[in-house]
Each structure stands twice: as C-alpha cells, then as structure tokens.
Amino acid sequence: MATPLLAGCGEEGGPASTAEAPDGGLRVVAADEVAPVVVLGSSDPAELTLTASQAFFASAPVVILADAEDETAQAAAAAAALPLHAPVLLTGGAIADSGLTKEIARLGAVTAVVVTPDPAPRVDASGTAGTSGAAVSSVSSSEDLEEEARKTVRAIDPDLQTVLLGAGALVETQDGGTEIDDRDLAEVQEQLPETESPRLLTEVLALVDQTPGQATALATAQAAGVVPLAVPGGDPRASSVSVQAMAQAKALAVVGIGESFGTVEQLTARVRSAETGVELTGGGQLVTAGKRYVVLPGTTVPATPAKITDAVARTAARAEPYVAVAGESGETDKTVTVPTLELVVTEASGAAGKDGNYSTELTVEAVRPAVEAALGAGQHVLLEFQPGKATFVEQVRQYADLLSLPGVGVSLDLDARRASGAVKKDGVVPAQEIDAVVDYLAGVVEGKALPQKMLVVHVSQPGALTEAQSLTTTDDAVAVVLHSDVTGSSAVREKAWNELTKAVPGVSWWGWTDVAGEATAGPAAAAGGVGAPLVVVVE
C-alpha cells in the first residue's frame, strides 16, 4: 500500500502533462500517480465529479459536460464517458465556470461533448402538442438547444470545439443497464479529434457506497480504467463479498467515492484489514454486522482436552435455541447466531498474592488450547478479566498473543475491580479505565490488520460506570458492548436494562442476560429505541 501507482498499462514512456502526445497527436492519459488510499468525500455531485477528474486524469482531449440539475443528462454523460475515455464535468452546480475552466486547461482538452436535453414538443394556442400535418411544428427548434450548449461552452472556454449529444441517446440494455445508442455514439465519435490509444490505470480500485449523485464521478473513474467495487455503507470489512473482492484485487491504490468512507486514515485501516481476506464467524470482518452473540459466561479455563471439548460443546448447545429466534427483532436480513465462549483468564482473589493485586492470572499457554479449539469450531471467544487492584488494561496487555487472533475479544467484570488508584470504591470504575482498553485493542487491530474486536463491559448497576457520558463507544476497530449483567426474574432484568440504557445514552451495542431455556430475542424494551441486544449472555 506504500507504493504509488504509475499509469502506463504496459506502454513505455513517462506520463504526458497535456492531452498532446510526444509525436504531436492527442492522447488520453490517466493520472501518473494515485496515492495508496484516497477519499473523494463530497456529497455534491458537481464537486465530486470534478475531484474525480483531478484524481484520475492527467490529460484528456475530450471532456463531457452535463447540467448539474438534469439527472437524465448526467446519466447519458456517464454512459458516454467509458467508450469515449473522457472525464465528466457538471455545469451550473457548485463549481463555478472558472473552476471548470481551470480543470479543462489542466486536462488540455480541445473538444467538449455537451449533453443536451431532449427537445420538448411545441404546443399550439390551445395547449395541444403538434402532430405531423398540423399547423405547428412537431418539436421545438433544436437550434435553441444547440445555441444554449455553445453558450455554456463559451462561458467556460471559447476555444473548445462543441459536439452535441442528446440525452435521448441513452437506451436500456438487455441486462437492465444503460448505454449510448450505437448510432448516436458513432455520430459523436466522427466529430471528435483523432487520438492515440489511451494510457489507462489498471490496478486502481474505486469503492462506491451507491448513494445518489455519484454516477458521473464513478463514470469518470471507469473512463480512466479504474475498476469499481460496490461497498454499501462505506466499509469494505462489512461483508464477505467485499472482503474477498478486496483480497483478490490486490490493488495498488484504493479510492473511496462517497462520504461514508470516512477519513483517509480510517479507510486505510479498513482496506489493510479487508485485504487479508480473513473473516469472522458469520461473514465479513465486523463483529456487529448481522450477528448476535450467545455467550456461555464465566467459564473456568478447561485444563484437559476432554474438558475443552466439553466446553466447546456446551457453548454450541447454549446457542442452538437462538437460531430459531434470530431476526425476530426487526433486522432486514436474518441474523447469524454466533456461539461465544467466555473464558475467565484472570480471577479475583481474596488474597493479595505475590503481586499484591488480589487477582490470579493464568498464563497465555494455559489458555491457548481452549481458545484455539473454540475458534476452530466456528465460535467467538471472550477473555474475561477480573483484575482486583490492577487496572483492566494492565491485565489485558498480558494476553497480547491471544488477542492477535481474529475472533478473540475481551470482557471486563466491573464488580471484580477493587479500589486502587483512580478506582475509589470496589466495583465502581471510571469510563477512562475502559477507554484505555479500547485504545489498546484498537492499536492491536490496526497494527496487525485484524478484523474488528468486541469489548464487553459487564455492568450490574448503572452507578458501576462513572463518567459514563465520556465512554468511547464509536471506535472503528473496537465495538464496545455494555452488558446489563443482572439475573433474576424477567421484570427485574428489564428494569435493570431500562436503567442502564437510559444512564448511558449514545451506546450503539448492548448485552442482555437470559436464563437458560428462555431463548428470547432480547428485552421488550429493545423496541423502545436502543435496538435489539448484540450479545445475549445465557446464565
């Protein structure tokens, strides 16, 4: 990803700075260098299309102009861009004529193909459209449209030659797409200057989130040879399709077209992860995408192969009843049930121990066999921490090797945190201590290009998490789940759930406690605004 992409498509020679080739001929030349990751994040079609031209073309003898207010004209321009290898620019929109003039000069364009609307039928005094043989013309004068097109071109660059393309040339194809009618396309091509074979990009991937207003920008990218990939929502990690496409493409540069792709830094991390091709159970690399985790909680780490096998089997059995209820709480697609084994790797102790932290820690190697067995069975794993007087992040760091494995997350038992340092009272933890774990896990994910990790915070009462309003809940690499860790009757658990969700608004992901045999889709209160729980811990 650190290697800049050179345009050349196998042809020798450096990139031209204008549309004029070294021998005096005209040639389309794609951008000579594209940064490893680029985001074109504007929501305005005219601005987005201009930045696409700047990003993907070094020179172009021909540009295509369409009205920023005319969607039909834009569709025709987009369809014409690929066969003409020409960038599209939108007039009358957010970009002033002077901005278009500058871009056309940079491209070295000599001809503008202007997409004009279909001529409107003339009407007589009674308001009736004329027909053949009538006293009125059947269509309005095409001269008006031609003059308007030439006026548009003159305002941008009076030296540009003007070629007209009617929007009516856009026709549907058998596969449901659109293209320019062959005869209309040939007529336009006859009027264009002769050009040498274009030099196009071959190993650039354009990600599009398929929101309205991106068609002409995408068409400009494709006209330069860029390969498109649809990524609804803007995160290439979200689905198995996009993850595998990224892994197979091995693109030298990736461009995100659309606001949902975030910053360059965010997209860079997402791309690095997706390109590994590694997926989580249920598909994709996001723990939150279309999944629900059913947890066998607080399991002592099994010490023998037989006990490991038993723990994995019990985890699968605990999750099985939830397959039938998946998707009942309003998801568009059926939710994937993910069996999840929670292993207690550090356990609160009544004795201070040699390190004085009132917590007993297992070694990584003692935990590894159970972790690998669960992952091998298609299960998720949570490492549970009961830190005593140690901070959570101090203990989490000790298990870096296991946290480097995809599908291994963390759970924090607030009740097992003893007063020490910033913690003034047993079982009461400031949000900053949780944030430290989020930051550490994010560093692991980004440093090793891993799928997203889950961090579950077990909260038995709202007061257990102080300064909760400042809790980090939106980290791209880590999904923070607040679990209402309360047992008892359904009424008791729903009351605790309501109190917690109201006390910490803004949290995206929640955990609910079920009693074995219930197999619910979550609390009834989930319909009240916070959504169905991502995690169901079955006691």
Side-chain angles (χ1 to χ4, degrees), residues 1-7 9 30-31 33-41 48 52 55-56 200-211 214 217-222 224-291 333 336 338 375 378 380 404-408 441-454 475-479:
M1 293 300 297
T3 304
L5 176 71
L6 299 181
C9 293
E33 183 174 305
V34 177
V37 176
V38 178
V39 176
L40 307 182
L48 193 60
F56 299 122
L200 303 177
L201 300 170
T202 58
E203 296 187 15
V204 175
L205 198 61
L207 311 182
V208 289
D209 61 11
Q210 297 181 307
T211 57
Q214 298 176 354
L218 176 59
T220 294
Q222 290 181 273
V226 175
V227 179
L229 174 64
V231 181
D235 193 333
R237 303 172 300 168
S239 73
S240 179
V241 172
S242 56
V243 167
Q244 294 309 315
M246 293 291 296
Q248 293 170 18
K250 294 181 173 59
L252 293 183
V254 177
V255 180
I257 300 179
E259 290 185 302
S260 65
F261 290 100
T263 65
V264 170
E265 291 75 17
Q266 287 173 324
L267 182 58
T268 298
R270 294 170 178 177
V271 165
R272 286 186 64 238
S273 178
E275 287 181 333
T276 67
V278 175
E279 296 190 50
L280 299 172
T281 299
Q285 297 184 330
L286 299 182
V287 296
T288 57
K291 306 177 181 88
D333 299 317
V336 176
V338 182
L375 294 177
H380 205 79
S404 296
L405 300 173
V408 178
L441 292 178
V444 173
V445 169
E446 293 165 3
K448 297 183 177 294
L450 296 172
Q452 188 181 49
K453 287 204 175 292
M454 180 187 294
D475 191 278
D476 203 44
V478 182

Open item on the list: Are P451 and V278 packed together at the side-chain level, in the sense that at least one heavy-atom pair is separated by less than 4.5 angstrom?
Closed with: yes

Open item on the list: Run the salt bridge (charged side-chain N to carboxylate O under 4.0 Å, His left out) test against D476 and tell me which residues pass, sequence neighbours left out.
Closed with: R237, R270

Open item on the list: Can a donor-acceptor pair be found, under 3.5 Å and without considering hydrogens, that links the side chain of Q266 to the backbone of T263?
Closed with: yes

Task: Among L441, T288, V445, V478, the one residue meeting side chain to side chain contact (heavy atoms under 4.5 Å, CB included) with Q452 - done: T288

Task: Minimum heavy-atom distance between A52 and A217, given as atom pair plus value - done: CB-O, 3.7 Å

Task: Spacing of CZ belonging to F56 relative to CG belonging to L201, to within rounding of 0.5 Å - done: 7.5 Å

Open item on the list: For a quick test of reading the model, state the closest non-hydrogen atom pair linking G234 to S260 and the distance between them.
Closed with: CA-OG, 3.2 Å

Open item on the list: Is the shortest side-chain heavy-atom distance between Q222 and P228 below 4.5 Å?
Closed with: yes

Task: Side-chain touch T281/V338, heavy atoms, less than 4.5 angstrom - done: yes

TODO: Would you name the heavy atoms of A477 and A442 that are closest together and state the gap between them?
DONE: CB-CA, 3.9 Å

TODO: Among L40, V37, V39, find the one that has a side chain to side chain contact (heavy atoms under 4.5 Å, CB included) with V255.
DONE: L40

Task: Polar contact flag, side-chain donor to acceptor under 3.5 angstrom, D235-Q285 - done: no

Task: Any L48 side-chain heavy atom under 4.5 Å of I257 side chain - done: yes

Task: Reported CG-to-CG distance for the pair L207 and L205, which is rounded to 0.5 angstrom - done: 5.0 Å

TODO: Rounded to the nearest 0.5 Å, what's the gap from CG on L229 to CE on M246? Could you check?
DONE: 7.0 Å

- [ ] Would you check if the side chain of K291 reaches a backbone N or O of L286 as a donor-acceptor pair within less than 3.5 Å?
- [x] yes

- [ ] Give the minimum heavy-atom separation between G407 and L375, together with the two atoms involved.
- [x] O-CD2, 3.7 Å

- [ ] Taking all non-hydrogen atoms of both residues into account, name the closest pair between P236 and A274 and its distance.
- [x] O-CB, 4.0 Å

- [ ] Rounded to the nearest 0.5 Å, what's the gap from CZ on R272 to OG1 on T268? Could you check?
- [x] 9.0 Å

Task: Side chains of E203 and K250 in contact at under 4.5 Å (non-hydrogen atoms) - done: no

Task: Check: Q210 side chain, P232 main-chain N or O, donor-acceptor pair, under 3.5 Å - done: no

- [ ] Measure across F261 and L267 and return the closest heavy-atom pair with its distance rounded to 0.1 Å.
- [x] O-CB, 3.8 Å

Task: Full working for side chain to side chain contact (heavy atoms under 4.5 Å, CB included) between D209 and Q214 - done: CA-CA 9 Å; D209 61 11; Q214 298 176 354; 2.5 Å; yes

